[in-house]
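Please read the structure below before turning to the comments.
Not measured: the values here are computed from a predicted model. Protein chains get the first letters and strands the later ones, always in sequence-line order, with residue 1 at the start of each.
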Number of protein chains: 2
Amino acid sequence: MYSNELVRGTLKTIVLKLLKEEGKMYGYEITQRVKELTDGKIQITEGALYPTLHALEAEGIVVTETMHIGRRVRKYYKLTTEGRANAKRKLSEMADFLGTMRILFEGTPGPHHA
Amino acid sequence: MYSNELVRGTLKTIVLKLLKEEGKMYGYEITQRVKELTDGKIQITEGALYPTLHALEAEGIVVTETMHIGRRVRKYYKLTTEGRANAKRKLSEMADFLGTMRILFEGTPGPHHA
DNA sequence: AATTATACATAAGAATGTTATGTATGGTTA
DNA sequence: TAACCATACATAACATTCTTATGTATAATT
């Protein structure tokens with residue numbers, strides 16, 4: 001686990017990236033996926049995730065679809081058309097940001113994904 | 001300029017990195033150096049920087065030395081012995097974190113600097 | 001003379017997270 | 001079968017860390 005100040009600010013972008021790739025995901029699934037992909041180094045807490053998802057919905061970036069698994073409820077989130085455009089912007093901003101960080105901390109910009 | 005949520009959490013580490021490289025720097029100099037190195041993409045505000053520097057001093061990570069340039073005051077900051085150890089930890093954590101971000105956003109871990 | 005750059009500082013408020021708590025179902029194990 | 005852990009949602013109090021605004025003052029440029 002990172003001393004989580006570094007992770008601050010990246011949550012929304014991580015969610016958008018996953019939704020863009022997977023099409024639709026539910027909250028708990030997102031927490032598990034991120035844990036998997038990062039070898040447990042990033043663990044999204046529910047107290048951070050759910051308010052973020054609700055905010056994305058309120059902004060029209062995502063819409064929800066509720067499914068019933070047995071008697072349990074699952075709330076799937078997927079990008080809207082506007083959300084896809086937003087995600088694209090945020091992801092290219094993240095790519096640029098990571099390049100800048102590389103310059104600062106490694107002295108190299110790294111590969112560019114035009 | 002990045003929609004600055006991404007920059008959140010990186011300020012302290014950026015300062016430690018610069019101090020480690022330069023030996024000593026003063027506040028205004030740090031803001032200018034970061035602006036230069038990042039092509040204006042990251043602009044540290046004074047409201048964020050000075051409290052951070054004061055906190056680092058209170059934690060014993062840095063010590064200060066006041067210089068007089070004409071009638072103006074400059075406050076130089078440099079790492080303590082403990083601060084150097086702390087900086088080393090934070091920088092390797094940042095390197096690891098950037099690798100994790102690359103996996104999430106680019107699908108590649110990037111080079112490892114052992 | 002006015003403006004901009006240098007150089008410090010602090011305080012109110014916003015944003016974004018942590019930690020704690022609550023509710024409930026379903027599967028596994030002692 | 002009782003206890004425990006995993007799944008799955010949610011919210012609220014609090015902490016941290018930044019933005020924005022403000023204040024003070026000297027030095028250089030237009």
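Protein atom CG of B:L56 is 13 Å distant from nucleotide atom P of C:dA9, rounded to whole Å. Atom OH of B:Y77 is separated from atom C1' of C:dC8 by 9 Å (rounded to the nearest Å). Spacing between atom NZ of A:K75 and atom C1' of C:dA24 amounts to 16 Å, rounded to whole angstrom units. Protein atom CZ of B:R8 is 13 Å distant from nucleotide atom P of C:dA14, rounded to whole Å. Regarding B:Y50, its OH atom lies at a distance of 16 Å from the P atom of C:dA11, rounded to whole Å. To the nearest angstrom, P of C:dC8 lies 13 Å from CD of B:E65. Atom-to-atom, CZ of A:R72 to P of D:dA8 comes out at 5 Å; the value is rounded to the nearest Å. Per the geometry, CD belonging to A:Q43 stands 15 Å off C1' belonging to C:dT19, to the nearest Å.
Closest approach to the B:H54 side chain among C:dT10, D:dC9, C:dC8 is made by C:dT10 (side chain taken as heavy atoms from C-beta onward). When distances are taken from the side chain of A:E5 to each of D:dC18, C:dC8, D:dT17, the shortest belongs to D:dT17.
Within 3.5 Å, a donor on the side chain of B:E46 pairs with an acceptor on the base of C:dC8, or the reverse.
Salt-bridge annotation for B:K90 and A:E5: present, with a side-chain N of the basic residue lying under 4.0 Å from a carboxylate O of the acidic one. Note on B:R102 versus A:E106: salt bridge recorded, some NZ/NE/NH1/NH2 to OD/OE distance being below 4.0 Å.
The distance from the CD1 atom of B:I44 to the NZ atom of B:K35 is 11.5 Å, given to the nearest 0.5 Å.
Comparing A:G70 and A:A48 by the nucleotide of DNA chain C that holds the closest heavy atom to each, the one mapping nearer the 5' end is A:A48. In this structure, B:R71 and A:P51 both approach DNA chain D, and ranking their closest nucleotides by distance from the 5' end singles out A:P51.
Counting any heavy atom pair closer than 4.0 Å across all strands shown, A:G47 reaches a base atom.
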Could you list the donor-acceptor pairs under 3.5 angstrom formed between side-chain atoms of residues 64-78 of chain B and any protein atom two or more places apart in sequence or on another chain?
unit_1: B:T64; atom_1: OG1; unit_2: B:E57; atom_2: OE2; d: 3.2
unit_1: B:R74; atom_1: NH1; unit_2: B:Y76; atom_2: OH; d: 3.2
unit_1: B:R74; atom_1: NH2; unit_2: B:Y26; atom_2: OH; d: 3.3

Sequence neighbours excluded and cut-off under 3.5 Å, please list the side-chain donor-acceptor pairs for residues 8-15 of chain B, or say none.
unit_1: B:T10; atom_1: OG1; unit_2: B:V7; atom_2: O; d: 2.5

